[in-house]
Amino acid sequence: MYSNSRHTRTSPSTSYTPNRQKRSLEEEDDDVTHQDTQQAGDGREKCKRLETEQQWRCQTAETPSGSQSLDRYFPLPGEKGPACLVKVYENWDGFKVNDVLEVYGVLCVEPALSTLNEDRDPMSSLLDPADMAETLEEQRAHSPPTSLVPRIHAIVIQKLPHTNPLIPSSVSESEASKQSVSSFMSELSSVRSDLLGFLTHALLGDGLAAEYLILHLISTVYARRDVLPLGKFSLNLSGCPRSCDFTQRLYSILQQIVTASHYLPMTIDTMNGLRFVPCKDYSTNRLVSGLLQLPAHTLLLVDETVLEQGQLDTAGVRNLTALGNVITWQKVDYDFSYHQMEFPCNVNVLVTSEGRSLLPSDCQVHLKPQTCPPSLEPYMEALLSATLPAMLNKFRMYLSLLQLMDYTITEEITKAVEDDFVDMRKDDPQSMSADDLHRLLVVARLLSLSVGQTSLSRDGWLRAKELETQRKSRLQEQKFLNGNEL
């Protein structure tokens, strides 16, 4: 999504020759002495900084809770990048866990900021009783060297409703933003058609699976009624091959069109070895991040095709339960040792599996490939190469904009849906349950939004029923072929 920055090397200009007067030997000696002193000072500062960093690492490694590496505060395993402490001076209670914020402030790398209380004047603790309440270990965790973790004193902070730089932060922010969005909406139908073809190729020619994948990618939790999150649409794509790294290749495609994503191989080692749920470290009074600590609109692709025989330990069972809670309730229960605290989330979970997934889902679509390329890697690479960057940008804008759109159902359509439900139950009571109706309404909502309609029409309702009939028919066919339930 972002272009690589290009660095150019500059050379001094030869068009200007300064007219310098000859200087005395005493002046030159003074300049040399000043330069030597400055270089020596810079060297001492560098040595002191390295010594401070090494001392902090050694001290935190000796703590009872183990290494206080900065990696502990990155949610995803193997994630690297700069860390910083943001000092907020007002309206801090308006921010929630996992919010994505844009911060404007003053960068500060003053080494004195990382000085521990043990080096301060004892009388200063009388002025600030909070200093006495903190343990030495807690102070070390909260005061890493500024060379490792610089401080930013916030001047302006704003919460971002999305993380797509291609569209304005607020679609109703200005007339220019409205016109830009309106211009894009005029070509929404053609963009959807191109995206459907793009995903159909990625799914080996399966157009029905591509339709449901689009609905999944534009779904979002728009409200909560008691404990029920409204708008979520987790998808289980079953029938995925195990032997050709299909899920990883599919993820490499999806990664190009969504703003945030993570690939989670559901192996025994992953389930038993990683920390999915954030937990409180009371020795340092810090929250240690977990894998499910994700910002809104993140695509989490769970690869169940790599699952092999083995046994989940206690941590693995906890992780599996936490993953199920995200899918079903869109919440993560943070671990505070003595109690748990619920934090809502808004994560799009896509599960790929051979048969029916072990995890819950809102919808299961069985993959039915129409083509079988000899090698998936060149097939997927050719698909990306054939798609122009401008078209990929349109796909990215399409997915982000539709997640922000409002949706309504008129009383007339509501009455028609109720009558239709009664008629379907009258013909075959087993064909349409309350869960089936709920899924059908979600599909109809997302299908309407996918074509730019903010309210359900009669044609949209009939199209949703048609899609659901095709999906269920395919599941029944596969059930009879396998002789067991998918």
Side-chain angles (χ1 to χ4, degrees), residues 45-46 48-61 63 65 67-76 79-163 165 169-170 260 278-290 293-296 334 336 341 343-345:
E45 286 184 8
K46 182 178 181 181
K48 185 176 181 180
R49 185 181 74 248
L50 295 176
E51 181 181 355
T52 303
E53 293 177 5
Q54 184 63 28
Q55 182 182 10
W56 181 80
R57 288 191 175 99
C58 292
Q59 289 174 339
T60 53
T63 59
S65 58
S67 174
Q68 296 297 324
S69 169
L70 297 177
D71 296 343
R72 299 185 75 201
Y73 306 115
F74 287 112
L76 301 179
E79 189 176 14
K80 301 293 182 181
C84 66
L85 287 178
V86 179
K87 303 291 186 177
V88 184
Y89 298 96
E90 60 180 2
N91 301 327
W92 55 82
D93 53 348
F95 306 127
K96 299 178 181 178
V97 174
N98 301 335
D99 281 350
V100 179
L101 307 175
E102 190 173 44
V103 180
Y104 297 87
V106 178
L107 176 66
C108 187
V109 290
E110 176 59 44
L113 291 176
S114 58
T115 305
L116 297 181
N117 286 346
E118 62 181 352
D119 299 328
R120 298 176 188 167
D121 184 356
M123 294 300 295
S124 64
S125 60
L126 299 177
L127 302 177
D128 189 359
D131 287 348
M132 298 181 64
E134 288 187 345
T135 64
L136 183 60
E137 186 176 349
E138 189 174 339
Q139 294 172 28
R140 287 170 178 163
H142 290 186
S143 304
T146 53
S147 55
L148 291 176
V149 184
R151 282 32 166 195
I152 295 180
H153 297 270
I155 299 175
V156 177
I157 301 182
Q158 59 182 5
K159 178 182 175 182
L160 298 179
H162 62 83
T163 55
S169 58
S170 176
C279 64
K280 181 65 175 289
D281 184 349
Y282 284 94
S283 61
T284 60
N285 198 24
R286 293 292 299 269
L287 188 68
V288 182
S289 296
Q293 191 177 346
L294 300 171
Y334 285 32
F336 285 83
M341 185 175 295
F343 285 88
C345 61

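Partners of L107 according to the side-chain contact (heavy atoms from CB on, under 4.5 Å) rule, which considers only residues two or more places apart in sequence or in another chain, are P150, I152.
Closest heavy-atom contact between G290 and P75: O-CB, 3.3 Å. Smallest separation of non-hydrogen atoms from P165 and T163: CD-O, 3.4 Å. Contact detail for K280 and L287: the closest heavy-atom pair is N-CD1, 3.9 Å. For the residue pair P278 and Q293, the shortest heavy atom distance occurs at CG-OE1, 3.4 Å.
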Please tabulate, for side-chain N and O atoms in residues 83-101, each donor-acceptor pair with protein atoms closer than 3.5 Å (sequence neighbours left out).
residue : atom : partner : partner atom : Å
Y89     : OH   : H153    : ND1          : 2.5
N98     : ND2  : Y334    : OH           : 3.4
D99     : OD2  : K96     : N            : 2.8

